[in-house]
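Note that the structure is a prediction, hence the values are computed from the model and not measured. Residue numbering restarts at 1 for every chain, and letters A, B, ... go by the order of the sequence lines.
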2 protein chains.
Amino acid sequence: MTDHLPFQSPCYCAELRKAARRVSLIYDARLRASGLRTSQFSLLAEIARDRPAPPTMNELSNYLVMDRSTLGHNLRPLLRKGLVVLQPDANDARTRRVLLTAKGTVKLKATKKLWLKAQQEYEKALGEGAAVSLRNTLYKLCSSKLLKR
Amino acid sequence: MTDHLPFQSPCYCAELRKAARRVSLIYDARLRASGLRTSQFSLLAEIARDRPAPPTMNELSNYLVMDRSTLGHNLRPLLRKGLVVLQPDANDARTRRVLLTAKGTVKLKATKKLWLKAQQEYEKALGEGAAVSLRNTLYKLCSSKLLKR
DNA sequence: CTTATATACGGGCATATGCCCCTATATATC
DNA sequence: GATATATAGGGGCATATGCCCGTATATAAG
């Protein structure tokens with residue numbers, strides 16, 4: 001009855017944030033059984049991604065388009081749960097590398113099944129072509145030099 | 001040197017959140033002089049939008065695709081700054097309507113100038129056509145019934 | 001070698017986001 | 001009118017996000 005459609009704001013940023021909130025709800029709901037939120041799942045997945053060496057915090061924050069201190073905060077629950085560990089770098093005492101534990105690897109793998117359901121649900125709502133196309137556009141947006149400062 | 005491009009995650013949600021973080025940085029930077037963040041500016045703008053009656057908190061949260069309690073939290077700094085006030089509804093004692101104060105109206109108007117610069121910067125980076133097209137896609141995403149639960 | 005500068009990260013702060021549960025009020029059922 | 005159900009919001013909690021500033025370490029300049 002009093003169910004209101006969201007108004008399309010002229011602000012590009014506002015629409016982006018609204019969409020992020022909406023979509024995060026879906027993914028968080030589907031991941032709930034795992035005890036991980038979307039953000040935590042993405043973080044684990046990025047840490048686990050194939051690389052020559054485990055990522056430093058600085059590298060991770062760049063890959064994730066995330067402030068370094070935000071990354072630090074977001075790692076805390078994962079550290080507490082024993083899913084990741086920090087390891088001082090051998091060559092640079094300032095640097096800490098982030099590693100998945102065995103427990104973290106297992107949790108990540110198990111949660112991927114739930115994540116896939118969310119992905120499929122999203123794809124179904126938008127159509128696969130549109131979904132992939134939107135993801136590409138968003139990636140370009142993140143990489144755009146013009147938007148960096 | 002160690003400047004890393006973000007990796008395109010297969011996760012639609014992760015890319016959406018990354019883009020939201022990146023773009024929010026730009027808008028927040030441009031709005032900084034106003035003392036408002038993007039989120040607060042959007043909130044004020046939504047409150048000020050032309051409507052038959054000032055919005056209730058419930059309505060506002062629907063328009064903004066935002067949890068009711070999130071809206072409550074986000075209103076707090078604006079209340080403290082005297083930019084908005086809550087007004088009990090005459091017909092329903094449960095309901096509170098959100099109104100801009102005179103101070104809020106002035107602040108909103110002044111901040112729109114800064115916001116416009118951010119908009120233009122964003123448009124320049126993406127191209128106006130692509131920017132508008134993306135915004136339309138994101139709006140559809142928010143409105144999609146399939147994604148609601 | 002000493003000093004200046006740059007980089008990596010943490011601590012403290014404020015806001016942003018959403019969940020669960022609770023209370024108050026309104027509406028529907030009987 | 002009494003009771004059941006639905007709705008509007010708030011309180012408390014945990015995480016998410018980024019800023020500023022400080023400390024430790026590394027690298028560059030002299």
Q: Tell me, with the steps shown, if A:Asp67 and A:Ser69 meet side-chain hydrogen bond (donor to acceptor under 3.5 Å, both in side chains).
A: CA-CA 5 Å; A:Asp67 187 85; A:Ser69 73; 2.7 Å; yes
Q) Can you list the steps and then say if B:Phe7 with A:Tyr63 is a ring-ring contact (aromatic ring centres under 6.0 Å, His included)? A) CA-CA 6 Å; B:Phe7 174 73; A:Tyr63 286 131; 7.9 Å; no
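Counting all heavy atoms, side chain and backbone alike, A:Ser24 lies closest to A:Thr38 at O-OG1, 4.0 Å.
Between A:Lys18 and B:Glu46 there is no salt bridge, since none of the side-chain N atoms of the basic residue sits less than 4.0 Å from a carboxylate O of the acidic one. Between B:Asp28 and B:Arg37, no side-chain nitrogen of the basic residue sits less than 4.0 Å from a carboxylate oxygen of the acidic one, so the salt-bridge criterion is not met.
Two residues, B:Asp67 and B:Thr38, neighbour DNA chain C, and the one matched to the more 5' nucleotide by heavy-atom proximity is B:Thr38. In terms of position along DNA chain D, the nucleotide closest to B:Thr56 lies nearer the 5' end than the nucleotide closest to the other residue of the pair B:Thr56 and B:Arg21. Nearer to the 5' terminus of DNA chain C, by closest-nucleotide assignment, is the contact made by A:Met57 (compared with the other of A:Met57 and A:Ala20).
A heavy atom closer than 4.0 Å to some atom of DNA chain D occurs in B:His73, these being the qualifying members of residues 72-87 of chain B. Shown for residues 88-95 of chain B: residues whose heavy atoms fall under 4.0 angstrom of DNA chain D, namely B:Arg94, B:Thr95.
Of the side-chain N and O atoms in A:Arg37, none sit less than 4.0 angstrom from OP1 or OP2 of C:dC19. Note on B:Arg96: every side-chain N or O is 4.0 Å or more away from OP1 and OP2 of D:dG9.
Computed from C1' positions of five pairs at each end, the angle between the two local axes of the helix from C:dC1-D:dG30 to C:dC30-D:dG1 equals 20°, rounded to 10 degrees.
A straight line from CE of A:Met66 to P of D:dG18 spans 7 Å, rounded to a whole angstrom.
Of the candidate nucleotides C:dT15, D:dA16, D:dG18, C:dT15 has the atom lying nearest to any side-chain atom of B:Gln40.
In this structure, B:Phe41 and B:Leu108 have side chains that are in contact, with non-hydrogen atoms separated by less than 4.5 Å.
Side chain of A:Arg97 to main chain of A:Pro54: a donor-acceptor pair is present (N/O by atom type, distance under 3.5 Å, no hydrogens or angles).
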